[in-house]
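Residue indices begin at 1 and follow the sequence shown. Worth knowing before you read on, the calculation uses all heavy atoms, side chains too, and leaves out hydrogens, waters and symmetry mates.
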Amino acid sequence: MHIRGDHVELVVGGRLDVRSAADARTALHAAVDDGVGDLVLDLSELDSWDATGLGVIMGAHRRAGRCGRRLVLRGVPPQMQRLLVATRLHRILAIEGGLAAESLPHV
């Protein structure tokens, strides 16, 4: 897993899972604490995440809210979009441009 960027935009790549969660949490919390306004989290280079990785993102979302900021997801890969829909987290998290139509359940 790698994270690069600053307190305005971070790019997350590789695997966000139980092995990388502590490092990711530290980087995200530092970015939230050091900035103002929206914090964009670009996930376009992310290969996969597990429940722990998703928990890190939700923790950063909550921390941003407490700091008067908003965490905005950008470039969410399709398979991760489907997970956000399945868990209904797409209703809680800010996702730039919304989700692709194919990731939404057909009614």
Side-chain angles (χ1 to χ4, degrees):
M1 189 243 357
H2 65 272
I3 296 179
R4 67 180 188 277
D6 56 23
H7 58 272
V8 175
E9 182 176 346
L10 294 174
V11 177
V12 181
R15 297 172 54 105
L16 182 54
D17 57 19
V18 69
R19 287 171 281 170
S20 60
D23 291 338
R25 186 177 297 110
T26 299
L28 290 174
H29 287 186
V32 167
D33 294 346
D34 292 343
V36 296
D38 288 354
L39 171 61
V40 175
L41 195 58
D42 186 333
L43 304 178
S44 60
E45 296 179 15
L46 193 62
D47 297 325
S48 66
W49 61 18
D50 65 6
T52 307
L54 189 54
V56 168
I57 289 175
M58 290 307 299
H61 164 77
R62 286 189 299 272
R63 188 178 190 106
R66 288 192 303 268
C67 293
R69 299 188 73 187
R70 186 174 71 136
L71 185 69
V72 179
L73 303 183
R74 174 185 290 161
V76 181
Q79 70 274 20
M80 291 170 221
Q81 289 182 20
R82 287 189 290 277
L83 180 61
L84 292 176
V85 170
T87 58
R88 298 189 184 271
L89 292 175
H90 70 292
R91 297 179 178 190
I92 297 168
L93 295 166
I95 302 170
E96 187 176 84
L99 293 179
E102 63 271 7
S103 68
L104 300 175
H106 298 289
V107 180

TODO: State, yes or no, whether a side-chain contact exists between Leu73 and Ile57 at a heavy-atom distance under 4.5 Å.
DONE: yes
TODO: Apply side-chain contact (heavy atoms from CB on, under 4.5 Å) to Ala31 and list each qualifying residue two or more places apart in sequence or on a separate chain.
DONE: Leu10, Leu39
Open item on the list: With a 4.5 Å cut-off on side-chain heavy atoms, are Arg66 and Val32 touching?
Closed with: no
Open item on the list: Going by salt bridge (charged side-chain N to carboxylate O under 4.0 Å, His left out), name the residues that satisfy it together with Arg62, two or more places apart in sequence or in a different chain.
Closed with: none
TODO: Show the numbers, then the answer: is there a side-chain contact (heavy atoms from CB on, under 4.5 Å) between Arg15 and Asp50?
DONE: CA-CA 8 Å; Arg15 297 172 54 105; Asp50 65 6; over 6 Å; no
Open item on the list: Do Leu93 and Val11 land in one hydrophobic cluster if side-chain heavy atoms of ILVMFWY residues count as linked below 4.5 Å?
Closed with: no
- [ ] Under the salt bridge (charged side-chain N to carboxylate O under 4.0 Å, His left out) rule, collect the residues that match up with Asp34, sequence neighbours excluded.
- [x] none
Open item on the list: Quick one, Trp49 and Leu43 - any side-chain contact, counting heavy atoms below 4.5 Å?
Closed with: yes
Task: Sidechain-backbone polar pair: Asp17 side chain, Ser48 backbone, donor-acceptor under 3.5 Å - done: no
Open item on the list: Applying salt bridge (charged side-chain N to carboxylate O under 4.0 Å, His left out), can you list everything that pairs with Arg69, at least two apart in sequence or on another chain?
Closed with: none
TODO: Hey, could you give me the CD/CG distance between Gln79 and Leu84, rounded to the nearest 0.5 Å?
DONE: 10.5 Å
Open item on the list: Checking Arg25 now: which residues fulfil side chain to side chain donor-acceptor pair (under 3.5 Å) with it, not counting sequence neighbours?
Closed with: none
Open item on the list: Could you report the tightest heavy-atom contact between Leu46 and Met80, atom names first, then the distance?
Closed with: O-CE, 3.4 Å
Task: For Asp38, salt bridge (charged side-chain N to carboxylate O under 4.0 Å, His left out) partners two or more places apart - done: Arg70
Open item on the list: For a quick test of reading the model, state the closest non-hydrogen atom pair linking Ser20 to Leu16 and the distance between them.
Closed with: OG-CA, 3.5 Å
Open item on the list: If I take atom CD1 from residue Ile92 and atom NE2 from residue His61, how far apart are they, to the nearest 0.5 angstrom?
Closed with: 6.5 Å
Task: Cluster check Ile95, Val72: I/L/V/M/F/W/Y, side chain < 4.5 angstrom - done: no
Task: Expected output: side-chain Gln81 to main-chain Val76 donor-acceptor under 3.5 Å - done: yes
Task: Heavy-atom check, side chain of Met1 versus side chain of Arg19, under 4.5 Å - done: no
TODO: Would you mind checking if Arg63 and Asp33 are paired as a salt bridge, meaning a charged N to carboxylate O distance below 4.0 Å?
DONE: yes
Open item on the list: Any heavy-atom pair between the side chains of Asp23 and Ile3 that's under 4.5 Å?
Closed with: no
